[in-house]
Amino acid sequence: MSKDLAKATLQRIEALAQISEDAGRLTRTFASPAMRRANELVGSWMGEAGMSVRTDAIGNLIGHYPAATPDGKILLLGSHLDTVRDAGKFDGPLGVLVALAVVQHLHETKTRLPFAVEVVGFADEEGVRYQSTYLGSRALAGTFDSDDLKRTDAKGIAMADAIRDFGGNPDGIASAKLDPSRLLGYAEVHIEQGPVLEQKNLAVGVVTAIAGQARARINFIGEAGHAGTVPMKLRRDALCAAAEFVLAAEALAQNRGGLVATVGEIAALPGATNVIPGEARLSLDVRHPDDAAREQAMAELKQRAEEIAAARGVFMKWETAHQNHAVICERRFTTLLENAVKRHQPEAPLLASGAGHDAAALAAICPVTMLFVRCKGGISHNPAESATEADVAVAIAVLNDFLAQLAKPA
Ligand code: GLV
Ligand code: MN
Ligand code: MN
């Protein structure tokens, strides 16, 4: 069954990858016109798979496949439809489309389960546009922070206006919250985004935990000046302060087990060859499987930023944009998923996720589980991201078996 569905899934991944806000590369950020087109296309596939389709107040796309009886609970499946800039095709869409394939199979075989299945295409997992991640899954979990609506993107567009332009309702986000008492749980399929499965020569693996993460926006503010006339000793160069901070973050993470720290964005203002940078803006992303270790690292990095600024006579502004604690996947679901995996490959490896996933937000309201799929070279957040049709077929079969086990009386 899963071979044809895997082929169709990869064709759909190709079709979705054509929907971008940038010419010549895949970029699909929260509440963009490209996201709307992606929702329309995936929504049409959901309809063909026997689901009723809705879009909630923040822009999550949700397909509902009914239970055998009206009192059945709901199993959520899915992943995100937004992407990073110059993204690969699989991070996010794979989880939505594998879930869709499984529901399509239920529909084609006229199978109803004791629970309804809802496939969600989350509106924002990457947090590219507003730096705050999981906007979609936090809306469903009821943990969306309405202060986030005031955040502005790089063009100065407030999140509330972006949601309105998209066709959503920023004032109605509380209504997107799902009723936890109706939920059986959430299962997400995702590419591994790392090399372990490839090293083990296995198609899929079971996720045990998702690392916590924190993001900050940091500004160093010095004084712009003439590049030809201001002597080196009299400068207050904001970009040099930022450069020192980037290396301090790297050094801290290199010397501390389990810690990763990344400055992924940097801007020098006003930005001209012959002007000493008066301001530098940076992003910081810090992760550790242990929450206390991550918090400690953030505190130390803030301290370092303050020291660097003081030594250079510049100001420093630190804004924590986002924090998420580490999440453990649910034990019973993990066992069911392991059993399903072992039916399709010799062993079921257990993996921890260093990447963030919508499952981390949904863990606030229901049990969560995740299946990782091998990706070539472990490469992700890169257009070279890829997974094979054979591995996608295994993921579809495993998810289908997981649903079948869950449908059995306990
Ligand atoms: C999402 O891909 C993240 O982990 O940042
Ligand atoms: Mn990602
Ligand atoms: Mn992802």
Side-chain angles (χ1 to χ4, degrees), residues 13 16-17 20 25-30 35 38 42 60-61 77-99 119-138 186-194 197 205 207 209-217 253 258-265 283-289 291 294 298 320-327 329 351-363 368-375 378-387 392 395:
I13 281 179
L16 255 182
S20 173
R25 64 178 196 170
L26 173 56
T27 305
R28 208 165 47 232
T29 58
F30 174 64
M35 275 300 288
V42 177
N60 293 314
L61 177 73
L77 304 177
S79 194
H80 56 100
L81 289 174
D82 70 314
T83 73
V84 292
R85 291 190 204 292
D86 200 11
K89 302 168 190 165
F90 291 79
D91 175 1
L94 179 70
V96 180
L97 298 177
V98 165
V119 176
V120 189
F122 287 104
D124 167 90
E125 182 260 12
E126 304 286 6
V128 167
R129 187 165 176 188
Y130 290 101
Q131 277 76 52
S132 185
T133 68
Y134 308 144
L135 295 175
S137 39
R138 284 195 282 130
Y186 171 69
E188 175 168 356
V189 174
H190 202 283
I191 50 163
E192 182 198 345
Q193 307 182 280
L197 291 170
V207 179
I210 303 167
Q213 58 171 291
R215 294 183 178 189
R217 296 197 225 210
L259 185 70
V260 286
T262 307
V263 175
E265 286 181 75
S283 66
L284 174 68
D285 179 311
V286 172
R287 306 182 192 207
H288 196 286
D291 288 332
R294 170 179 47 79
M298 281 296 271
T320 302
H322 173 78
Q323 297 195 71
N324 240 87
H325 60 79
V327 160
C329 293
L351 308 168
S353 175
H357 298 288
D358 293 297
L362 285 173
V368 301
T369 189
M370 286 193 73
L371 182 75
F372 271 175
V373 180
R374 164 170 52 188
C375 62
I379 295 170
S380 183
H381 284 187
N382 182 318
E385 215 171 64
S386 112
V392 172

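We count ligands from 1, going down the list as the structure has it; atoms in each ligand are counted the same way. Worth saying up front: this structure is predicted, and the values here are computed from it rather than measured.
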Do the non-hydrogen side-chain atoms of Leu197 and Leu351 ever get within less than 4.5 Å of each other? yes
Does His80 reach ligand 1, in the sense of a heavy atom lying below 4.0 Å from it? no
Which residue, Thr320, Thr262, Thr133, forms the side-chain contact (heavy atoms from CB on, under 4.5 Å) with Arg215? Thr133
Here the atoms of ligand 1 under 4.0 Å from any heavy atom belonging to Gly356 are 1 (C), 3 (C), 4 (O)
Centroid separation Phe372 to His357 less than 6.0 Å: yes
Going by atom types alone, do His80 and Asp124 pair a side-chain donor with an acceptor below 3.5 Å? no
Give me the residue, atom name and distance of the protein heavy atom closest to atom 5 (O) of ligand 1. Arg287 NH2, 2.6 Å
Please find the N/O/S atom of His80 nearest to the Mn ion (ligand 3) and write down its name. NE2
Ala355: numbered ligand 1 atoms lying under 4.0 Å from its heavy atoms: 4 (O)
Taking atom 1 (C) of ligand 1 as the reference point, the nearest protein heavy atom with its distance: Glu126 OE1, 3.1 Å
Would you check if the side chain of Arg85 reaches a backbone N or O of Thr29 as a donor-acceptor pair within less than 3.5 Å? no
Give a yes/no on ligand 1: does Glu125 have at least one heavy atom closer than 4.0 angstrom to it? yes
On a heavy-atom basis, the closest approach of Arg294 and Ala214 is CD-N, 3.8 Å
Just to the nearest 10 degrees, tell me the angle at the Mn ion (ligand 3) spanned by His190 NE2 and Asp91 OD1. 80°
Would one find an N, O or S atom of His357, in either backbone or side chain, under 2.8 Å from the Mn ion (ligand 3)? no
Partner of Phe90 by side-chain contact (heavy atoms from CB on, under 4.5 Å), out of Thr83, Leu97, Ile13: Ile13
Residue portion contacting ligand 1 (non-hydrogen atoms closer than 4.0 Å) for Arg215: side chain
What angle, to the nearest 10°, do the atoms OE2 (Glu126) and NE2 (His381) form about the Mn ion (ligand 2)? 120°
Can you find a heavy atom in the side chain of Val368 that is under 4.5 Å from one in the side chain of Met370? no
